[in-house]
Amino acid sequence: MNRFVLPLAGFVALAVVLGIAVKHAPEKGTIASPLIGKPAPEFSLPSLADPAQQVSSAALRGRWYLFNVWGTWCYECRAEHETLLEVRDTHVLPLIGLDWKDEDQRAHEWLSRLGNPYQAVALDHSGRTAIDWGVYGAPETFLVNPEGIVVYKYVGPLTHDVWTREILPRLPAPRAAGS
Amino acid sequence: MGSWLAPALALCALIAAAPAVRAVDPTELPDPALQARYLALTHELRCMQCQNESLADSPVDLAADLRHQVRDQLLAGKSDDEIRSWMVARYGEFILFRPRSTWLWLTPGVLLAAGALIFWRIVRARTALVATDDEPPPADEPEVRT
């Protein structure tokens, strides 16, 4: 009788560990970002609205913001555009865009045709800033807190569901947190 | 027999030569030692966009950008480990085809040692039983011979 106790305990322990792992496994295909809980990478890039101006992480300190990586070449970015406009209209927090390896002219056309959800768009022509943020496929969206810490990352087109279930609950209180 | 042997050998030779052909990445570094490290690194770093390919094999833009990073950092005198850490800081351990997790490599050894210990103890217990075989079996237990 006694000789079965140890193997049984081992089996139960293994089952529990695997069960937890399966339950908490990230959705297939998404990769946990090492940036979560760490300071957002510093950047200072020309602004799409006026390339003489800079959009910088330093200037964004002290408030919540959504950092959205997109490009006019990216199909899925078209799919999330309505959600971005919806987020803008809630006035909960500013959207900062990172136009990733794109042509400025196309970006201007895209925003004037579909509406501009961004408070500011930073131009990442070289793609270097996107690499610093660990971006591997647009669209990707990061939630950054007033201390400049990355709180949450979503890979893929932002949806109303993700906004209400994943992002809003991470913000303090129901009052406007950003601007 | 000879009719298919020659083509088969030729095919094997082609397959063996395949890794030397680099259609995706024509980068050449000035120093052969750097070039060797460059090739080794780009082959052991994952392309995050097409996740089953290495940076060296992937034709996508992001892989090219990351290869440039590897090249620039090698030219700047960074060590292989510094470059790996730079990648991991941005993309996580997943970017390494060969994970650095110590536990991953140690666990099989630990399990093997534990198994060996259990095996040794069982053998010793059985050996002790054999040694007492000549004695009469205890009255309350039926004699079992295996």
Side-chain angles (χ1 to χ4, degrees), chain A residues 2-7 9-11 13-14 17-18 21 25-43 67 69-76 98-103 124-140 142 150 153 155-156, chain B residues 41-42 45-55 57-73 76 78 82-97 99-101 103-104 107-108 110-112 114-115 117-119 121-122 125-126 129 141 144:
Chain A
N2 218 13
R3 56 194 298 211
F4 293 115
V5 171
L6 202 62
F11 172 77
L14 194 62
V17 167
L18 292 180
E27 202 179 317
K28 193 169 179 287
T30 66
I31 301 151
S33 170
L35 281 182
I36 306 294
K38 302 232 175 79
E42 300 286 326
F43 64 91
F67 188 75
V69 182
W70 65 288
T72 59
W73 44 266
C74 143
Y75 276 116
E76 306 265 355
L98 185 76
D99 192 18
W100 186 24
K101 303 196 88 169
D102 205 357
E103 288 167 33
D124 187 13
H125 292 136
S126 70
R128 186 49 222 281
T129 299
I131 288 176
D132 280 344
W133 283 74
V135 171
Y136 58 90
E140 290 188 13
F142 300 78
V150 179
K153 173 185 181 181
V155 178
Chain B
L41 275 170
T42 53
L45 290 168
R46 185 191 304 271
C47 166
M48 300 299 287
Q49 217 161 340
C50 27
Q51 295 167 3
N52 292 327
E53 283 183 312
S54 67
L55 287 186
D57 298 325
S58 177
V60 302
D61 242 26
L62 178 61
D65 289 352
L66 289 177
R67 285 198 301 267
H68 287 153
Q69 281 300 324
V70 174
R71 185 197 62 195
D72 292 350
Q73 294 189 24
K78 294 276 176 64
E82 281 172 325
I83 296 174
R84 280 190 208 105
S85 299
W86 190 92
M87 294 285 172
V88 168
R90 283 156 183 76
Y91 290 99
E93 290 278 330
F94 187 68
I95 200 168
L96 304 176
F97 273 127
R100 296 187 298 187
S101 159
W103 272 110
L104 191 67
T107 309
V110 170
L111 288 180
L112 190 68
L117 187 71
I118 292 171
F119 178 76
R121 287 186 53 170
I122 289 175
R126 294 280 168 94
L129 280 183
E141 256 180 55
V144 181

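Order of the sequence lines fixes the chain letters, A, B, ..., with proteins taken first and strands second; residue numbering starts at 1 for each chain.
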Original post:
Checking side-chain contact (heavy atoms from CB on, under 4.5 Å) against Y136(A), which of M48(B), R90(B), R46(B) comes through?
Top reply: M48(B)
Original post:
What closest approach, in Å, do D65(B) and I131(A) show between heavy atoms, and which atom pair accounts for it?
Top reply: CB-CD1, 3.7 Å
**OP:** Please report the shortest heavy-atom distance between V88(B) and P34(A), naming the atom on each side.
**Re:** O-CG, 3.6 Å
Subject >> Part of K101(A) lying under 4.5 Å from any heavy atom of chain B >> reply: side chain
Original post:
Is the side chain of Y91(B) donor-acceptor paired with the backbone N or O of S33(A) at a distance under 3.5 Å, no angle test?
Top reply: no
**OP:** Taking atom CG of L111(B) as the centre, report whether more than 12 heavy atoms of other residues, nucleotides or ligands fall under 6.0 Å from it.
**Re:** yes
Original post:
Got a sec: does the CZ of F11(A) have more than 12 other heavy atoms crowding it under 6.0 Å?
Top reply: no
Original post:
Side chain, backbone, both or neither: which part of E93(B) has a heavy atom under 4.5 Å from chain A?
Top reply: neither
